[in-house]
Amino acid sequence: MPKTIPAHWQTSVDITVPFYDVDAMEIAWHGNYVKYFEVARCKLLDQLQVNYFQMRDCGYGWPIVDIQLKYVRPAIFNQRIRVQVKIEEWELRLKLRYVITDIETGEVLTKGYTVQVAIDITNREMCYATPEVFRQRIGANAE
């Protein structure tokens, strides 16, 4: 694993908290933060050309096996938030780290991580190392 994260191993996405994501107090429902993580994760995987469709076509699935969220401050209706994501681990599993901030103030609202493992989609068995195709596409073999 490199000491510094390569620029292409991270990205961010800006979201305006929609009305349908909030409760009666206009606070984003806690489960929607998982969705915000997913939006950023999909953007990163698209950027790396290893999105879910591309990996499926190579014979692999990537289920989430662990997720952790720390709610620092609530996001509210119509607030502009930024979801940042970066690859933290990739060799045996894919661990992505997230930070959600208020765009206007930079204040941290939520942080967390997800862990995914590769599975062979023909037999649904877990791979004990990241598939070579994934390593090649993220440029990890050069590290």
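Throughout, numbering of the chain's residues begins at 1 and tracks the sequence. Predicted, not measured: the structure shown is a model, and the values here were computed from it. All values below were derived from every heavy atom in this structure, side-chain atoms included, with hydrogens, water molecules and symmetry-related copies excluded.
Taken to the nearest 0.5 Å, the CD1 atom of Ile100 stands 12.5 Å off from the CZ atom of Arg82. The CD1 atom of Ile138 sits 12.0 Å away from atom CD of Gln47, with the distance rounded to the nearest 0.5 Å.
Residue-environment remark: NZ (Lys111) stays at or below the threshold of 12 foreign heavy atoms within 6.0 Å. More than 12 heavy atoms of other residues, nucleotides or ligands shown are found within 6.0 angstrom of NZ on Lys95.
Within the structure, the salt bridge (charged side-chain N to carboxylate O under 4.0 Å, His left out) test picks out the following pairs touching residues 64-78 (sequence neighbours left out): Arg73-Glu107. Sorted by first and then second residue, the pairs that involve residues 54-75 and meet ring pair (Phe, Tyr, Trp, His ring centres under 6.0 Å), not counting sequence neighbours, are Tyr33-Tyr71, Trp62-Phe134. The ring pair (Phe, Tyr, Trp, His ring centres under 6.0 Å) pairs that include a residue from residues 92-117 are Phe37-Tyr98, where partners are two or more places apart or lie in different chains.
Considering only residues two or more places apart in sequence or on other chains, Tyr52 meets the side chain to side chain donor-acceptor pair (under 3.5 Å) condition with Arg41, Gln116. Considering only residues two or more places apart in sequence or on other chains, Arg137 meets the side chain to side chain donor-acceptor pair (under 3.5 Å) condition with none of them. Listed by chain and residue number, Glu88 satisfy the salt bridge (Lys or Arg N to Asp or Glu O under 4.0 Å) test with Arg97 (two or more places apart in sequence, or in another chain). Asp57 pairs by the side chain to side chain donor-acceptor pair (under 3.5 Å) definition with nothing, not counting sequence neighbours. Under the salt bridge (Lys or Arg N to Asp or Glu O under 4.0 Å) criterion, Arg56 pairs with no residue at all, not counting sequence neighbours. Partners of Gln84 by side chain to side chain donor-acceptor pair (under 3.5 Å), not counting sequence neighbours: none found.
Hydrophobic clustering (ILVMFWY, side-chain heavy atoms < 4.5 Å, transitive): Val117 and Ile87 are in distinct clusters. Residues Ile103 and Ile15 do not share a hydrophobic cluster, defined by chaining ILVMFWY side chains whose heavy atoms lie under 4.5 Å apart. Phe19 and Leu109 fall within the same hydrophobic cluster, where Ile, Leu, Val, Met, Phe, Trp and Tyr residues are linked whenever their side-chain heavy atoms come under 4.5 Å apart, directly or through other members. With hydrophobic clusters built from ILVMFWY side chains whose heavy atoms lie under 4.5 angstrom apart, Val13 shares a cluster with Val85. Note: the hydrophobic cluster containing Ile81 also contains Val39 (ILVMFWY, side chain heavy atoms under 4.5 Å, direct or indirect links).
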For residues 119-130, which side-chain N or O atoms pair as donor and acceptor with protein atoms under 3.5 Å away, sequence neighbours left out?
unit_1: Asp120; atom_1: OD1; unit_2: Thr122; atom_2: N; d: 2.8
unit_1: Asp120; atom_1: OD1; unit_2: Thr122; atom_2: OG1; d: 2.4
unit_1: Asn123; atom_1: OD1; unit_2: Glu125; atom_2: N; d: 2.9
unit_1: Thr130; atom_1: OG1; unit_2: Trp90; atom_2: O; d: 2.2
unit_1: Thr130; atom_1: OG1; unit_2: Glu91; atom_2: O; d: 3.0

Sequence neighbours left out, cut at 3.5 Å: what donor-acceptor pairs do the side chains of residues 22-31 make with other protein atoms?
unit_1: Asp23; atom_1: OD1; unit_2: Met25; atom_2: N; d: 2.9
unit_1: Asp23; atom_1: OD1; unit_2: Glu26; atom_2: N; d: 3.3
unit_1: Asp23; atom_1: OD1; unit_2: Ile27; atom_2: N; d: 3.2

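When hydrophobic side chains of Ile, Leu, Val, Met, Phe, Trp and Tyr are connected at separations under 4.5 Å, Val99 ends up clustered with Val72, Val108.
Side chain of Glu104 to main chain of Arg80: no donor-acceptor pair is present (N/O by atom type, distance under 3.5 Å, no hydrogens or angles). Using modelled atom types, one side-chain atom of Gln54 and one backbone atom of Asn51 make a donor-acceptor pair closer than 3.5 Å.
Closest heavy-atom contact between Val133 and Cys58: CG2-SG, 3.8 Å. Heavy-atom minimum distance, Leu44 versus His8: CD1-O, 3.8 Å. Between Ser12 and Lys43 the shortest heavy-atom distance is O-NZ, 2.7 Å.
At least one side-chain heavy atom of Asp21 sits under 4.5 Å from a side-chain heavy atom of Lys35.
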